[in-house]
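So the structure is just underneath, and the comments pick up after that.
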There are 2 protein chains.
Amino acid sequence: MTEIRTPSPRRGTNLPRMGDFNLTVILDAIRRSSGGLSRVELAQIVGLSPQTISNISRRLLDQNLIVEAGKEGSGPGKPRTILRLNPAGMYAVGVHLDPAVTTFVVLDLVGAVVRHSRINTPGASDPDGVIATVAAEIKDLVAASGVDPDKIAGLGVAAPGPINLEEGTVVDPPLLLGWDRVPLRDALAEATGLSTLVDKDVTSAAVAETWAGGPSGSGSFVFMYMGTGIGCGIVLNDEVVRGTSGNAGEIGHIIVDPDGAPCDCGLKGCVKSSCIPQVLVAQAEAAGVLDIERHPSGAPAVQESFAKLCEAAEAGNSKAGEIIDQSAVLVARAVAVVTNTLDVERVVFGGPFWTLLSQRYLDRVPQLLAENSAARQIHGVEVVGTGVGEDVGAIGAACLVLEHTLAPRAQRLLLEG
Amino acid sequence: MTEIRTPSPRRGTNLPRMGDFNLTVILDAIRRSSGGLSRVELAQIVGLSPQTISNISRRLLDQNLIVEAGKEGSGPGKPRTILRLNPAGMYAVGVHLDPAVTTFVVLDLVGAVVRHSRINTPGASDPDGVIATVAAEIKDLVAASGVDPDKIAGLGVAAPGPINLEEGTVVDPPLLLGWDRVPLRDALAEATGLSTLVDKDVTSAAVAETWAGGPSGSGSFVFMYMGTGIGCGIVLNDEVVRGTSGNAGEIGHIIVDPDGAPCDCGLKGCVKSSCIPQVLVAQAEAAGVLDIERHPSGAPAVQESFAKLCEAAEAGNSKAGEIIDQSAVLVARAVAVVTNTLDVERVVFGGPFWTLLSQRYLDRVPQLLAENSAARQIHGVEVVGTGVGEDVGAIGAACLVLEHTLAPRAQRLLLEG
DNA sequence: GTGCGGATCTCAGTCACGGATTCCCCTAAA
DNA sequence: TTTAGGGGAATCCGTGACTGAGATCCGCAC
């Protein structure tokens with residue numbers, strides 16, 4: 001623990017890397033534009049010469065990643081030919097393993113869902129069986145989507161942490177007892193024949209935002225993932241922060257309520273013990289807003305009760321409203337800790353439970369955050385809801401593949417070991 | 001606040017940028033090696049061909065940034081010529097503006113202090129006068145150091161936040177009343193004739209660690225800066241995280257003690273209200289460990305009292321020891337929040353008050369952190385004290401210049417707007 | 001002294017970007 | 001309908017950085 005690994009100096013770069021990188025830069029610019037871009041506009045935006053843009057455009061056209069989509073003549077002169085992403089140029093498959101349900105999607109290049117499906121998360125403690133089930137579902141989904149298999153760039157898997165990014169394993173997952181360090185990535189890669197990436201659900205959600213979230217997915221932001229637990233994905237300068245082992249974004253033990261309920265960590269008022277749905281449901285039951293569930297409450301039961309709580313709040317039940325509003329105050333404190341630590345410019349909320357909360361949260365969090373922002377005299381912190389729906393997990397998983405293949409990451413420039 | 005700025009896509013790169021980048025990569029590899037490297041070793045490490053290494057080595061030799069330092073023959077064959085940094089190849093000046101004292105250093109290329117000096121921080125609310133004082137001190141220091149002015153790459157300034165990195169201004173600094181948004185960078189650049197960079201003190205300290213801290217300054221780490229306040233600098237994958245406006249690392253309002261003293265933010269038990277020296281001194285006074293200071297306690301007074309408190313703890317005063325130990329527990333909680341959020345592999349402690357605390361903190365923090373690490377099943381979190389001394393602030397300020405000029409930042413590859 | 005191995009250098013060769021020029025296409029006016 | 005003009009895109013060639021093969025240099029071992 002105290003020994004320091006031999007530092008691995010940054011590796012150099014060379015010509016081919018540079019070409020590939022510029023290709024991804026141009027693709028990225030086209031992707032982020034709303035209605036496509038002409039070659040001249042691209043030259044201005046990315047800073048390369050029109051000739052280079054032309055050459056790279058040709059490569060992209062040859063690869064069917066972009067298409068020439070009409071012309072735009074404004075005044076005299078030859079009209080600009082607009083370059084647009086070709087949605088059918090590439091596809092990716094995404095799987096979100098969640099305690100309650102497992103979601104599958106096939107995504108096209110622009111980040112649109114081509115087809116999706118859900119199954120109850122198999123609870124079996126038999127890894128091989130579960131992997132077989134998931135692989136079979138993927139095979140069916142791909143077949144049903146009618147997508148050319150050769151166009152599928154790979155498979156992304158989003159899992160709750162902790163994970164081991166390097167090994168592609170899920171470590172002691174709460175949903176799959178006895179699944180300690182199962183080589184999820186390699187097993188699924190073999191079972192499906194797709195090149196596979198595994199990442200944390202919150203990281204995947206952040207990647208989804210960068211890829212399919214529109215303008216709110218650029219620059220530096222924190223993605224607050226409101227799910228069974230609360231976690232965050234971090235994007236700084238358009239690059240996702242994963243951390244040493246892929247476990248960045250663990251904010252469950254930030255203390256947000258000094259007078260809150262005790263937490264399993266020995267302290268009290270942690271995010272985990274005061275703002276997650278399960279806790280809010282319990283508060284609501286105690287306050288008489290919800291009937292007390294007799295059955296031992298699994299993840300689906302909590303989901304249902306939480307939906308009822310939020311509906312009650314919307315319907316005007318003041319106690320329910322108070323519970324939600326108070327959770328907004330607490331979550332805002334956690335967000336403030338993260339935004340102050342990283343000095344980001346935007347917070348994006350999302351996740352399975354977000355739609356239930358969005359109204360009340362968007363009413364309250366922005367101001368709370370503004371009051372507690374350390375850099376409030378320099379810049380504001382935007383608060384927005386994600387444009388990506390409740391399937392962020394699975395969509396993000398698929399986006400992991402697209403991001404890995406096509407995003408202009410600095411890493412791409414560097415020579416490999 | 002809710003409007004989203006038009007995204008600025010990542011810009012492309014070109015041949016000259018690539019060459020310059022590879023140059024910095026090689027320099028970085030040489031810098032990080034303990035005893036210099038041969039061309040063949042460099043080729044292996046950075047992944048470029050031996051020829052390329054030769055060409056770049058020549059450029060570095062021509063610029064006097066490196067020197068050929070002897071040969072290393074082990075067995076038959078031509079012995080390897082060792083390339084080493086030339087300490088005298090480049091210098092940088094650093095200034096640390098602190099509430100108590102302002103520190104000045106001249107640093108050489110290897111990060112060694114050539115000369116340093118201190119003055120009491122001028123408290124005057126007359127910006128022009130203060131800037132003139134600082135500029136004069138810099139001029140004297142450079143003259144006294146005997147360094148060739150042409151070899152000075154620039155001036156770095158470390159200031160307590162908040163700052164505005166883009167404008168190079170200090171925003172409402174606690175030490176200089178009425179100095180709101182004074183263009184510190186531009187004013188000092190004009191007064192000294194040196195190209196100038198301004199950054200936060202904690203960020204500077206983190207940069208110092210990467211440049212002059214040896215192996216603990218590589219990879220991803222958090223630098224805990226124990227000064228008048230407590231802040232942190234963040235380094236991920238060998239690159240410093242500055243945030244949107246340069247204000248990353250504000251951790252003063254992380255709650256670490258649910259039962260702690262009230263804070264000016266309206267909550268209680270924040271880092272700022274329970275672990276900083278001023279608070280510990282007050283605790284010690286209340287507990288009868290220290291005599292109560294009659295004078296209104298300025299920064300220097302706190303410094304003195306705090307030193308007494310730590311000495312008492314070392315001398316065996318149990319109450320004093322408890323106060324320090326408890327602060328270690330609280331600081332460890334704040335560190336855990338940051339390391340869990342970012343999943344870093346190392347925490348480096350440093351700052352003006354660190355030497356007073358190191359013994360007790362290093363005894364306690366590692367275990368506390370290990371217990372509260374979200375990724376503890378995957379990897380440990382190293383805890384080390386910085387090798388850079390109490391002048392981290394000023395040294396870091398100078399390192400800002402070296403880093404900006406010579407570090408292999410991905411940013412360097414990208415074309416400018 | 002000669003042979004050998006290894007490090008480094010020399011000399012082309014390849015490839016991506018950049019600049020100048022040319023070609024192409026559309027608008028607008030005669 | 002024809003012509004002039006303006007702007008976008010393609011082509012040719014030049015520059016520069018990395019790469020590969022062979023030559024050269026250096027020191028040890030026999």
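Order of the sequence lines sets the chain letters (A, B, ...), proteins ahead of strands, with each chain counted from 1.
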Protein proximity profile, nucleotides 9-19 of chain D - base contact B, sugar-phosphate-only contact S, no contact -, cut-off 4.0 Å on heavy atoms: SSB----BBSB

In whole Å, I'd like the distance from the CD1 atom of A:Ile26 to the C1' atom of C:dA16. 12 Å

Among B:Leu107, B:Val93, B:Asp108, which one satisfies side chain to side chain contact (heavy atoms under 4.5 Å, CB included) with B:Val114? B:Asp108

Of A:Leu109, A:Leu85, A:Ile26, which is the lone residue that meets side chain to side chain contact (heavy atoms under 4.5 Å, CB included) with A:Ile66? A:Leu85

Evaluate B:Ser49 against B:Thr52 for side-chain hydrogen bond (donor to acceptor under 3.5 Å, both in side chains), listing each step before the verdict. CA-CA 5 Å; B:Ser49 67; B:Thr52 303; 2.9 Å; yes

B:Leu42 CG to C:dG6 C1', straight-line distance once rounded to whole Å: 16 Å

Counting neighbours of CD on B:Gln63 that are heavy atoms of other residues, nucleotides or ligands and sit closer than 6.0 Å, is the number greater than 12? yes

Separation of C:dC9 P from B:Ile53 CD1 (nearest whole Å): 11 Å

Filter on side chain to side chain donor-acceptor pair (under 3.5 Å), then keep only pairs touching residues 35-48 of chain A, sequence neighbours left out; what's left? A:Ser38-A:Glu41, A:Arg39-A:Glu68, A:Arg39-A:Thr81

